[in-house]
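Just below is one structure, and these are the notes that go with it.
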Amino acid sequence: MHIAEGYLPPVQAAAWFAVSTPFVIHGARNLVQQVRANPDAKLLLGAAGAFTFVLSALKIPSVTGSCSHPTGVGLGAILFRAPVMSVLGTIVLLFQALLLAHGGLSTLGANVFSMAIVGPWVAFGVYALIRRFGGGLGISVFFAAALADLATYCVTSAQLALAFPDPDSGFVGALAKFGSIFAVTQIPLAISEGLLTVLVVRLLVRVSPQELRRLGILRRPAPTTQGAVA
């Protein structure tokens, strides 16, 4: 999904920076508020960032000027909401551009918009919607993570189609071309990412249930009346 360094026209690269910046600033404020309100969440916050870094570093080269890999943003979006994940995702993408030559500085704005903004918002929205209608935790997490992955690649396809429209069919034809190339690898990767994220959340339920209750992922146990009766 990371668009390579120098692959976008300069004007479009600058435009994606401008579009992404307000989301990241809002996310930074949200992150500070959450850490002040719940300092014990720092460890889980770091784990969510590490999860995103590792999964999104597993790149599979693509002929589109980008690459395929899981994104890992669904977990953080579910635990800490989408704005916080825009900051974590931006940090991950910046380190990958500087240390791994994965993505690039000139294309950072475009990569942030697709992976650190659109992906987390889709994950958060899908998770909240399924939970609101009575869906279980596992099925909610699976669809949130998988659809966040696919949404990221749909946006990347649109970004590339906008930069390189097809000579005959224009933006729509290029979007179909980029999307069809990504779909071969991305649909299985999205399903795998959904299943992996479910396993991670189940592990967190066992090892850190109190923290998940503070974050609103697990419901707090109803108070008993035993003490009042006695």
Side-chain angles (χ1 to χ4, degrees), residues 1-5 7-8 12-35 41 44-59 66-128 141 144-160 162-163 182 186 189-190 193-194 196-197 200:
M1 155 260 135
H2 295 34
I3 299 176
E5 180 71 275
Y7 202 76
L8 292 179
Q12 292 193 21
W16 288 117
F17 268 104
V19 170
S20 298
T21 298
F23 289 94
V24 178
I25 293 174
H26 172 66
R29 292 173 178 167
N30 200 293
L31 174 61
V32 171
Q33 291 172 353
Q34 287 206 35
V35 170
L44 208 51
L45 196 62
F51 183 75
T52 300
F53 184 90
V54 172
L55 287 194
S56 60
L58 303 174
K59 60 180 179 179
S66 180
C67 57
S68 294
H69 54 75
T71 65
V73 298
L75 178 64
I78 292 167
L79 295 177
F80 297 101
R81 311 297 186 265
V84 170
M85 205 55 216
S86 69
V87 180
L88 292 184
T90 299
I91 295 171
V92 165
L93 288 165
L94 179 60
F95 273 92
Q96 290 177 342
L98 293 173
L99 303 178
L100 305 178
H102 190 186
L105 294 178
S106 68
T107 55
L108 184 64
N111 291 332
V112 165
F113 186 77
S114 60
M115 194 183 99
I117 296 173
V118 173
W121 273 106
V122 168
F124 177 62
V126 169
Y127 173 79
V141 169
L147 292 179
D149 183 302
L150 289 177
T152 297
Y153 279 85
C154 288
V155 173
T156 300
S157 298
Q159 290 171 325
L160 291 171
L162 192 63
F182 276 135
Q186 205 55 40
L189 283 175
E193 180 172 347
L196 177 62
T197 308
V200 172

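Sequence positions, counted from 1, serve as the residue numbers for this chain.
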Side-chain ([X]) to main-chain ([Y]) donor-acceptor, under 3.5 angstrom:
X	Y	result
Asn30	Val84	no
Ser114	Asn111	yes
Glu193	Thr71	yes
Ser86	Pro83	yes

Next item on the list: Any chance you could lay out the side-chain contact (heavy atoms from CB on, under 4.5 Å) test for Phe113 and Gln159, step after step, and finish with the verdict?
Entry: CA-CA 10 Å; Phe113 186 77; Gln159 290 171 325; 4.1 Å; yes
Locate the shortest heavy-atom distance separating [X] from [Y]; write the atom from each residue and the value.
X	Y	value
Pro120	Met115	CD-O, 3.2 Å
His69	Tyr153	N-OH, 2.7 Å
Gly119	Ala148	O-CB, 3.2 Å
Thr90	Val24	OG1-CG2, 3.5 Å
Pro70	Leu58	CD-O, 4.2 Å
Ala48	Leu88	CB-CD1, 4.4 Å

Separation of [Y] [atom2] from [X] [atom1] (nearest 0.5 Å):
X	Y	atom1	atom2	result
Ile91	Gln96	CD1	CD	12.0 Å
Ser56	Leu93	OG	CG	6.5 Å
Phe182	Leu150	CZ	CG	12.0 Å

Check: Angle class for the His102/His2 ring planes (parallel below 30°, perpendicular above 60°, tilted otherwise)?
Finding: parallel
Any non-hydrogen side-chain atom of [X] less than 4.5 Å from a side-chain atom of [Y]?
X	Y	value
Leu105	Leu94	yes
Gln34	Leu31	no
Val200	Val141	no
Thr52	Leu75	no
Phe80	Val87	no
Phe51	Thr197	yes
Phe53	Leu100	yes
Ile117	Val19	no

Margin query: Show, in sequence, the C-alpha distance, side-chain angles and deciding distance for Trp16 and Ile3, and conclude whether the side-chain contact (heavy atoms from CB on, under 4.5 Å) test is met.
Written below: CA-CA 12 Å; Trp16 288 117; Ile3 299 176; over 6 Å; no
